[in-house]
Amino acid sequence: MDLRIEKTENAIKNAFIQLRSKKPLEKITIKELCEKAYIHKSTFYSHYQDIYDLADTMETEVVKNITGSIQVSSLQPESLSEVTRELSYAFVAQSSLINILFSGNERSHLAYRIEESLKEIIFEQYPDCKDDLEWNIVLSYCIQGAYWAFQGSRGQDVNKVIGIISNITKRVQPLY
């Protein structure tokens, strides 16, 4: 990628993160973002359609970083506890961005995007599982449950929380 394009992208994303950390997405204007990034509006529009396109792009990057950190070998139907363990550690690694990009009304959006992304990866490897309703429900339960349990336990000992989430998933796994 051209260095100038990369610098502009970084300036836009950094400005967005600064603004998003202070206000809801719908309150951010292109004008203030461009002023903060030291770019013209036309430059912004050459990269993104609107502020929601930028937000979606950045959210997608966070989801890819989270799901990409999970080892493919653990994405087996028999290894859900390992998936939730790795998923939880990925939440820790991305917590700063998660707390900014997925704050307020966007909080539940992350769990659904992660679930969608993980299912896509798993079903690519195990296509027979895609139409298995019971497996889909167990997988949704584990992914969503791990996310919400982790979010609800912020401020606690991270390793202990992750261990508990993983153990709960081990107990759910035999139900499938």
Side-chain angles (χ1 to χ4, degrees), residues 1-2 5-6 9-10 12-13 16-17 20 25 46-154 158-176:
M1 180 184 281
D2 184 328
I5 294 171
E6 193 173 325
E9 285 278 332
N10 287 336
I12 292 169
K13 289 176 180 179
F16 179 77
I17 289 168
R20 185 68 180 89
L25 178 62
S46 69
H47 292 266
Y48 302 98
Q49 292 177 349
D50 56 25
I51 202 77
Y52 297 99
D53 182 33
L54 170 59
D56 184 63
T57 299
M58 293 188 69
E59 289 172 7
T60 300
E61 287 175 9
V62 169
V63 170
K64 282 184 181 179
N65 287 339
I66 289 170
T67 58
S69 69
I70 298 172
Q71 293 182 7
V72 175
S73 61
S74 68
L75 292 174
Q76 300 174 21
E78 307 82 37
S79 306
L80 276 179
S81 64
E82 190 58 35
V83 169
T84 57
R85 176 182 300 282
E86 290 183 30
L87 189 58
S88 297
Y89 279 115
F91 294 150
V92 172
Q94 296 288 314
S95 64
S96 297
L97 275 176
I98 287 171
N99 292 336
I100 293 169
L101 295 176
F102 295 95
S103 64
N105 296 335
E106 301 295 318
R107 189 163 306 285
S108 65
H109 193 65
L110 176 62
Y112 290 107
R113 290 191 70 170
I114 290 171
E115 178 183 348
E116 183 179 86
S117 180
L118 279 177
K119 281 184 172 183
E120 186 178 305
I121 294 166
I122 291 169
F123 296 152
E124 194 173 288
Q125 287 184 336
Y126 303 96
D128 294 345
C129 292
K130 187 174 186 172
D131 296 323
D132 184 334
L133 179 61
E134 188 175 359
W135 167 242
N136 270 276
I137 290 172
V138 168
L139 188 56
S140 294
Y141 184 84
C142 290
I143 294 168
Q144 293 280 340
Y147 173 76
W148 289 110
F150 187 81
Q151 289 298 323
S153 301
R154 284 192 279 175
V158 171
N159 290 318
K160 188 173 183 178
V161 169
I162 292 172
I164 292 168
I165 290 169
S166 181
N167 285 335
I168 290 169
T169 308
K170 278 182 188 173
R171 292 182 181 145
V172 169
Q173 179 64 40
L175 297 176
Y176 172 68

For a quick test of reading the model, state the closest non-hydrogen atom pair linking [X] to [Y] and the distance between them.
X    : Y    : result
F150 : I165 : N-CD1, 3.8 Å
C129 : W135 : CB-CD1, 3.2 Å
R20  : S103 : NH1-OG, 3.2 Å

About how many Å separate [atom2] of [Y] and [atom1] of [X], when rounded to the nearest 0.5 Å?
X    : Y    : atom1 : atom2 : value
K130 : N136 : NZ    : CG    : 9.5 Å
N159 : S166 : CG    : OG    : 12.0 Å
N99  : Q151 : CG    : CD    : 6.5 Å
C142 : L118 : SG    : CG    : 11.5 Å
S79  : E86  : OG    : CD    : 9.5 Å
I70  : I122 : CD1   : CD1   : 8.0 Å

Are there more than 12 heavy atoms of other residues, nucleotides or ligands under 6.0 Å from atom CD of E61?
yes
For D53, the salt bridge (Lys or Arg N to Asp or Glu O under 4.0 Å) test, sequence neighbours excluded, returns none
Can you tell me if S95 uses its side chain to pair, donor with acceptor, with the backbone of V92 under 3.5 Å?
yes
Measure from the side-chain N and O atoms of S81 to the backbone N and O of N167, and report whether any donor-acceptor pair falls under 3.5 Å.
no
Assign the ring pair F91 / Y147 to parallel, tilted or perpendicular, where the plane angle (0 to 90°) is split at 30° and 60°.
perpendicular
Could you go through the side-chain contact (heavy atoms from CB on, under 4.5 Å) check for I98 and I66 one step at a time?
CA-CA 10 Å; I98 287 171; I66 289 170; 3.8 Å; yes
Run the side-chain hydrogen bond (donor to acceptor under 3.5 Å, both in side chains) test against S46 and tell me which residues pass, sequence neighbours left out.
none
With side-chain contact (heavy atoms from CB on, under 4.5 Å) as the criterion, how do M58 and I17 come out once you've worked through the C-alpha distance, each side chain's angles and the decisive distance to 0.1 Å?
CA-CA 9 Å; M58 293 188 69; I17 289 168; 3.5 Å; yes
side-chain contact (heavy atoms from CB on, under 4.5 Å) partner of F16, the single match among T57, I100, L25
L25
Sole candidate of V172, I143, T169 that passes side-chain contact (heavy atoms from CB on, under 4.5 Å) when paired with L80:
T169
Show your reasoning for whether side-chain contact (heavy atoms from CB on, under 4.5 Å) applies to T60 and R113.
CA-CA 8 Å; T60 300; R113 290 191 70 170; 2.3 Å; yes
Which pairs, with at least one residue in residues 96-124 and sequence neighbours excluded, count as a ring-ring contact (aromatic ring centres under 6.0 Å, His included)?
none
Report yes if the side chains of H47 and I5 come closer than 4.5 Å at any heavy-atom pair, otherwise no.
yes
Contact between E59 and V63 at the side-chain level, heavy atoms closer than 4.5 Å - yes or no?
no
Going through the checks in order, is the side-chain contact (heavy atoms from CB on, under 4.5 Å) test met by K119 and S140?
CA-CA 9 Å; K119 281 184 172 183; S140 294; 2.7 Å; yes
